[in-house]
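Have a look at the structure below, then the notes.
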There are 2 protein chains.
Amino acid sequence: MGTREQIVDAANRLFYEQGFEPTSFAAIAETVGISRGNFYYHFKTKDDILDAVIEARLASTRTMLAGWADGSADPRDRVRRFVEIVITNRGDIESYGCPVGTLTNELAKLDHPSRAHAVGVFTLFRTWLREQFEELGFDAEADDLAMRVLAFSQGIATLSNAFHDGDFVDREVDRVNRWLTELLASPATADDAS
Amino acid sequence: MGTREQIVDAANRLFYEQGFEPTSFAAIAETVGISRGNFYYHFKTKDDILDAVIEARLASTRTMLAGWADGSADPRDRVRRFVEIVITNRGDIESYGCPVGTLTNELAKLDHPSRAHAVGVFTLFRTWLREQFEELGFDAEADDLAMRVLAFSQGIATLSNAFHDGDFVDREVDRVNRWLTELLASPATADDAS
DNA sequence: GTCAGATTAGGACGAGTGTCCTAATGTTTG
DNA sequence: CAAACATTAGGACACTCGTCCTAATCTGAC
């Protein structure tokens, strides 16, 4: 693995665990095992590496979503797969929250020009979820449903991070899976209060 | 208003808008209009002022919740009142997210000793919501319902901050209000997938 | 082997950080 | 008025930050 790739990987992890602002060049360089001078050869500014990290996240998200699409023919299973991220990544989320939501919010507070870039990861999930609901027969409501699923996972992630309650995550995921089942059993109630 | 109180107020706002770590002593002092030396007279360390800010948030939250309890005899209206925070504070949430969730997560990433202290604000809301549901006749499920309402508002806040979509907030609040209505019409389905 | 280009190491730079000290000013009490 | 205390201002301190420069080393083409 090339040096540049190692830097992006380390920064990706550190930005997630510590946040963008508190993570220093020195910390990244130390993680990779290179000097700060070498660092500068690959990235001129801290914002450059942030953009590279976001780009890497966009790419890996696209790959993951495409993999889910290939892995299951049933859009409902695909949506479940997304919902269960909060279980798969339970430990990290309890410790650091959702990587997408927390980075987006940090950049918003910093009034950082790359905020919109980071929101792109959210948009990737949103669009992918919308497509699943469209395949399930929803039309105008598909985007609403996608946003609802997104909001659900963000709420779970935030509270899981705050209270460190793993049972809560399990319960809520079960609940959403049941909601999905009911939703697909009676599409007419897609806009109900559930 | 005393200097100390002004400092806490300014720090409270800046911690919300910029985050705890990126907010410097100098920025707070400048906002209040005092020297950094004077600052040190009131607070020895940055962590001291963080604790003071958290304490102020706990106090104002308690006051707000007590006011809601006095302002409405119907627990259902009280819960609605909570849910509609995301509308009342729409502008701030779009710009900076939820003050409780974002601070808690930042402190988690910083591995900061005051993280648990900050979670106390969440606990205040959680307990208060649980009490409302208990008054509404729920027993074992009351805490689950409280967490569900909390998770809802956190999900909305995060996506509102990411996408800057005010209509989405309105839609979701309406949806939760309808869910509340249905929930109270048929308490037996409190644990359904809604 | 030589030389050009890619890559790395190490340190310098000014700016900003939290922290701390000291002197000056205000304010209250006797 | 005078003395004791509370409050403020301003700057010094050591440190870290992102940035940048230069010299050394590695790598591959001829």
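Since the model is a prediction, treat every value here as computed from it, not as a measurement. Chain identifiers are assigned alphabetically (A, B, ...) following the order of the sequence lines, protein sequences preceding nucleic acid strands; residue numbering begins at 1 within each chain. As a basis for the values below, the full set of heavy atoms in this structure was taken, side chains included, without hydrogen atoms, waters or symmetry mates.
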Atom-to-atom span, [atom1] of [X] to [atom2] of [N] - whole angstrom:
X        : N      : atom1 : atom2 : answer
A:Phe43  : D:dC20 : CZ    : C1'   : 17 Å
B:Glu21  : D:dC17 : CD    : C1'   : 11 Å
A:Asp47  : D:dT19 : CG    : C1'   : 12 Å
A:Glu5   : C:dT7  : CD    : P     : 14 Å
B:Phe39  : C:dC21 : CZ    : C1'   : 17 Å
A:Lys46  : D:dC17 : NZ    : P     : 9 Å
A:Phe25  : C:dG10 : CZ    : C1'   : 16 Å
B:His112 : C:dG18 : NE2   : P     : 12 Å

Are [X] and [Y] ion-paired here, with the side-chain N under 4.0 Å from a carboxylate O?
X        : Y        : value
B:Arg4   : B:Asp9   : no
A:Glu172 : A:Arg175 : yes
A:Arg90  : A:Asp170 : yes
B:Glu135 : B:Arg78  : yes

Can you check whether [X] has a side-chain N or O nearer than 4.0 Å to OP1 or OP2 of [N]?
X       : N      : answer
A:His42 : C:dT8  : yes
B:Thr3  : D:dT8  : yes
B:Tyr40 : C:dC20 : yes
A:Tyr41 : C:dT7  : yes

Margin query: Checking B:Arg76 against B:Thr181: is there a side-chain donor and acceptor pair closer than 3.5 Å?
Written below: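 Note: B:Thr181 and B:Arg76 side chains meet the donor-acceptor criterion.
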Next item on the list: Answer yes if the ring centres of B:Phe82 and B:Phe125 are under 6.0 angstrom apart, and no otherwise.
Entry: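 Between B:Phe125 and B:Phe82, which both carry aromatic rings, the centre distance is below 6.0 Å.
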Note to self: When you measure from the centre of the six-membered ring of B:Phe20, is the NZ or CZ of B:Lys46 closer than 6.0 Å and no more than 45° off the axis?
What the structure shows: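 Yes, B:Lys46 lies over the aromatic ring of B:Phe20.
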Margin query: Any residue in residues 28-38 of chain B with a heavy atom nearer than 4.0 angstrom to DNA chain D? Just list them by number, or reply none.
Written below: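 When residues 28-38 of chain B is checked for heavy atoms under 4.0 Å from DNA chain D, the hits, listed by number, are B:Ile34, B:Ser35, B:Arg36, B:Gly37, B:Asn38.
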